[in-house]
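Right, one structure below, let's go through it.
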Amino acid sequence: MTGLPHPVQRPPVMARYNPKETEPKWRQAWADADAFKATVDPSRPKYYVLEMFPYPSGRLHMGHVRNYSLGDVVARFKRARGFSVLHPMGWDAFGLPAENAAMERGVDPRAWTYDNIERMRVELKQLGLAVDWSREFATCDVEYYGQQQALFLELYLRGLVYRREATVNWDPVDQTVLANEQVVDGRGWRSGAMVEKRKLAQWFLRITDYADQLVDDLQTLDRWPEKVRVMQENWIGRSKGLRFAFHFAGGPPEGFDAGLEVYTTRPDTLYGASFVGVAPDHPLAELAARSDPKAAAFIEKCRHGAVSEAEIETQEKEGYDTGLRVKHPFDPNWELPVWIANFILMDYGTGAIFACPAHDQRDLDFAHKYQLPVRPVVLPPGADPAACEVGDEAYVGPGTIFNSGFLDGLDVETAKARAIERIEGQGQGEGATVFRLRDWGVARQRGWGCPIPVVHCAKCGAVPLPKSALPVELPADLDFGRPGNALARHPTWKHTTCPDCGGPAERETDTLDTFVDSSWYFARFTDPTSPEPIDKAAADYWMPVDQYIGGVEHAVLHLLYARFVTKALADEGRLSVREPFAGLFTQGMVTHETYRRQSGEWLEPAEVEIVAEGKTRRAKLADSGEPVVIGDVEKMSKSKKNTVAPEEIFDVYGVDAARLFVLSDSPPERDVQWTSGGVQGAWRFVNRVWEEFDSQPAEGEPHSGAAVGDDAGALAIRRAAHRTVKAVTEAIETFHFNSGIARLYEFLNLLKGHPAKTASPGVLAARQEGLSAFARLIGPFTPHLAEECWSRIGGQGMVVAADWPAYDPALTEDASKVLPVQVNGKRRGEITAPAGAEPAEVEKIVLDDPEIARRLEGLTIRKVIVVKDRIVNIVAA
RNA sequence: GGGGACAUGGCGGAAUUGGUAGACGCAAGCGACUUAAAAUCGCUCGGGCUAGGCCCGUCCGGGUUCGAGUCCCGGUGUCCCCA
């Protein structure tokens, strides 16, 4: 039985490598040399590395350590490879957490945010990132959001900004609009109040104008994860179908002279129509409510129903028959009832559908509930038309159309085209592409955000401000002490004059969604002090971002908005690229085991002692010995208390060990599980590396090693060194950092086998060559240690200024290869052959081998397969 | 309901993309050093057996192939996205 130490335990005092001394020293040296300044240098290839910028929550967590360490590996590697690198850092600084802190603790959001930035900057700098800090900015800097207001006005003038009434989720307690994701079980995520649907005038960006491009250009993003491209494509949801109008039987109701317009992706199933449905907030439903109290009551009930698409899908289907009737477009004598149904979305298509229960599950559920007809019109392959019946499941597969007049006998796709042609011929509608994507509502009723640069004038309406009136600055004395929009209730701020007529006017008090802030910051980084929002020349040099790194949770919204804004800015002539991020990497989370008392109370890792008994592990409280339940491995979170504070780890093991561990333990795209043992292993490696460098005598230093040559040892070291350079280079290029670090461990193990103190001059020279490469190879992962080691063996200048080591391909291959020999696919021995030996030559060696010959006794050789430098397989019977 | 990803020792994960499965690390066991512990160093570490040689083994069941962790078909499980 062995008790493991706490996650954060003092390292042995006798350790010779002292990160507390070396790490600050090298960070200072980099700063003094301005080593990471990004410079426009047309003579060199450029490389722009960017990690999604942090929200200044106040403290660094392990997720940050991982995210920024990953980007730092790329930045340092590309710099060493001769690229002119831009690797900036900034702050996504507007948003609700600051307002919540303000309300809870009575602090000013601005002060809270900038204090947090101060603190986090210190911690991030401690990570030793190769960042050009001279470009730092926060989105809440007036220099930034003022430029954003200028861009907003440009989009306004191009017709990409508009204002309309929209149904929103309204939290009556917090007095604000909530995004769908902020509504949980019909209640506001913060207040817990029942959310209402309200109509409010809202500002929108016309992202749907770019919907086609946003889908089509996904094809060009070949360095994006396939997963993210699929998610975006689904989110945009382009579908081709038919938009057409039903004529009313017995004359149209008021305002519906043109009929009732519906949209469908299944015009082939028109003969299966059973009823027509409209959304509860459809104008026709509202019209019906005016004369029918029951309809009004039903609509009111729907208002309190589900808000997200997924919830709408799973809730009980309900409807109300308006009594209105429409005529089937292909048969004027066929009348269909018009229902108000709670599963229809006003925002998708036209907010009205025709229902074909036999071939749509939602329609079928609805039809069953209200005893509406179910008429199959698509015959599954091989089915009998006479016996075809629909049970509880709608048939949505391919098949042959039947029961459908002129469409009979056609396949689904042909029938769709034929039905669209017929409707178009009747002048009743046309084929149309519809997107699931909706315009982007960017207005937030919040005081801690970028003010929308518009005023409302009683005479002129909503008037955009002229650029000369920018920036529209947030007042310093906002009252965040209670819920609601602090900007709207400020006593004086909103009162102004109309730029058009000079009369009294009120400023728009909504601010922009923080996703707007993050939709162009990457372009601002190319010249953050430009008087223009974006300096064209700088952007032309640096854009696009060559490698963007962040969490997959932003796969849709942030990345989609940034793509849209980039395209819009390109159309304005402000950018020359149409896609912001040429390469995207989505890294996994940092996780940790969870621990609870038997009563269920969460416990921090530091309170728990792990007891290992052979292959099983148990846990108990470190002080009392009370048994502890080991729970699942989950994302580090305060609520489950399974967090480990980076600063404590830095303090005990140094920054390099922490970086090394998060980089080495798992492939970057997967979750990494933080363990105390793991970081101790990284710490051991740091020390072993230092000892290896420290044992290498400087040139001319007295040395007790053997005077005789040891060419075999020297050659082994050189080969391993060159192989390691090749492997690590390739590993970094392909984001296989964990494998690259494993190769570094291997090389160190090999060097240990040829210690300096007993080495011949030849081995010493080979070690020197190997150590020189090694110091540079570990630079991207453990940059401080790399400098200390490089300096110890007399490297010129600093590692950050040194070239990446080159390798000699001839030295990465052994002169002879050991090839396994299989007989009928089973390993039966091995032979040694010269590298690159031709099959015939290898075959001869194999057949001359006595051991192999013994294995083949009594068998007839049918075939000998030789894979060069790899394997031999003899097929024999 | 649709789509996608994944499944390898006690654990995290390697495997040159069809060619010696388990690199490297963690945990564990044994040993050395030590008054002792920690640290450090060395050895062992998928399972089985008639143990210096064989057999089995990459979630399960089939298939293709000289050869399958890798490709194909079917199933199970976990996760993600969409509905």
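Below, chains carry the letters A, B, ... as their sequence lines are ordered, and counting in each starts from 1. Predicted, not measured: the structure shown is a model, and the values here were computed from it.
- One interatomic measurement links the two molecules: CG of A:D665 to P of B:A23, which rounds to 15 Å at whole-angstrom precision.
- The phosphate of B:G13 (OP1 or OP2) has a side-chain N or O of A:R670 nearer than 4.0 angstrom.
- Contact annotation: A:N687 side-chain N/O to B:A39 OP1/OP2 distance is not under 4.0 Å.
- Using modelled atom types, one finds no donor on one side chain facing an acceptor on the other under 3.5 Å when comparing A:N642 with A:T594.
- One P atom belongs to B:C81, the other to B:A27, and the distance between them is 34 Å to the nearest Å.
- One interatomic measurement links the two molecules: CD of A:E692 to C1' of B:C41, which rounds to 14 Å at whole-angstrom precision.
- The side chain of A:W235 lies closest to B:C82 when the candidates are B:C82, B:G12, B:A14.
- If you measure from atom CZ of A:R438 to atom P of B:C82, you get 12 Å, rounded to the nearest angstrom.
- One atom, CD1 of A:I610, and another, C1' of B:C26, lie 13 Å apart when rounded to the nearest Å.
- To the nearest 0.5 angstrom, A:L218 atom CG is 12.0 Å from A:M231 atom CE.
- With hydrogens and angles left out, the side-chain atoms of A:Q822 and A:R828 include no donor and acceptor closer than 3.5 Å.
- Shown here, B:A38 forms no base pair; nothing in the strands shown gives a Watson-Crick or G-U wobble contact with both key distances under 3.5 Å.
- A gap of 14 Å separates the P atoms of B:G69 and B:G61, to the nearest Å.
- For B:G9, the glycosidic angle deviates from 0 by 90° or less, giving a syn base.
- With both pairing distances under 3.5 Å, B:G74 is matched to B:C60 as a Watson-Crick or G-U wobble pair.
- In the set B:A14, B:C56, B:G25, B:C56 carries the atom at the smallest distance from any side-chain atom of A:K826.
- For A:K817, the NZ atom counts as densely surrounded, since its 6.0 Å shell holds more than 12 non-hydrogen atoms of other residues, nucleotides or ligands.
- In this structure, A:E730 places its CD atom 14 Å from C1' of B:U17, rounding to the nearest Å.
- Distance, A:R723 CZ to B:A23 P: 17 Å, rounded to whole Å.
- Judged by distance alone, the side chains of A:R670 and A:Q587 never bring a donor and an acceptor atom under 3.5 Å apart.
- In the displayed structure, A:K369 atom NZ is contacted under 6.0 Å by more than 12 heavy atoms of other residues, nucleotides or ligands.
- Classification of the A:H558-A:F581 ring pair by plane angle, with boundaries at 30° and 60°, yields tilted.
- A close approach under 4.0 Å does occur between a side-chain nitrogen or oxygen of A:R684 and OP1 or OP2 of B:C26.
- Taking atom C1' on both B:C73 and B:C82, the two are 27 Å apart, rounded to the nearest angstrom.
- Here A:T675 lies out of heavy-atom contact (under 4.0 Å) with every strand.
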Would you list the protein and nucleotides 18-21 of chain B atom pairs, both N or O, that sit under 3.5 Å from each other?
residue, atom, partner, partner atom, Å
B:U20, O2, A:R827, NE, 3.1
B:U20, O2, A:R827, NH2, 3.3

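- Pairing of B:G22, defined by two Watson-Crick or G-U wobble distances under 3.5 Å, is not identified with any nucleotide.
- With a cut-off of 3.5 Å on both Watson-Crick or G-U wobble distances, the partner of B:G67 is given as none.
- Taking atom C1' in both B:A5 and B:C56, the straight-line distance is 31 Å, to the nearest Å.
- On the P atoms, B:C30 is 38 Å away from B:C79, given to the nearest whole Å.
- Nucleotide B:A5 holds its P atom 14 Å from the CD atom of A:E669, rounded to whole Å.
- Nucleic acid contact class of A:S664 (heavy atoms, under 4.0 Å, all strands): none.
- One can place NE2 of A:H736 at 12 Å from C1' of B:U16, the figure rounded to the nearest angstrom.
- Under the 6.0 Å cut-off for aromatic ring centres, A:Y745 and A:F747 do not qualify, their centroids lying 6.0 Å or more apart.
- In terms of heavy-atom proximity, A:A619 sits nearest to A:I630 at CB-CG1, 3.6 Å.
- Within the 4.0 Å cut-off from OP1 or OP2 of B:C66, not a single side-chain nitrogen or oxygen of A:R828 is found.
- With P as the reference atom, B:G10 and B:C45 are 15 Å apart, rounded to whole Å.
- Under the 6.0 Å cut-off for aromatic ring centres, A:W674 and A:F661 qualify, their centroids lying closer than that.
- Across all strands shown, B:U16 has no partner, as no Watson-Crick or G-U wobble contact with both distances under 3.5 Å is found.
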side-chain contact (heavy atoms from CB on, under 4.5 Å) evaluation trace for A:S637 with A:M589: CA-CA 11 Å; A:S637 76; A:M589 299 178 301; over 6 Å; no

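- Applying the salt bridge (charged side-chain N to carboxylate O under 4.0 Å, His left out) rule to pairs touching residues 584-594 of chain A yields A:E593-A:R617, sequence neighbours excluded.
- Between A:N738 and B:A14 there is a side-chain N or O to OP1 or OP2 distance below 4.0 Å.
- Annotation: of the two residues near RNA chain B, A:N234 and A:A742, the 5′-most nearest-nucleotide partner is A:A742.
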Output a table of nitrogen or oxygen pairs between the protein and nucleotides 49-52 of chain B separated by less than 3.5 Å.
none

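- Toward the 5′ end of RNA chain B lies the nearest nucleotide of A:V672, the other residue of the pair A:G681 and A:V672 mapping further downstream.
- A distance of about 16 Å separates the C1' atoms of B:G22 and B:U16, rounded to the whole Å.
- When the C1' atom is compared between B:A23 and B:C71, the two are found 24 Å apart, to the nearest whole Å.
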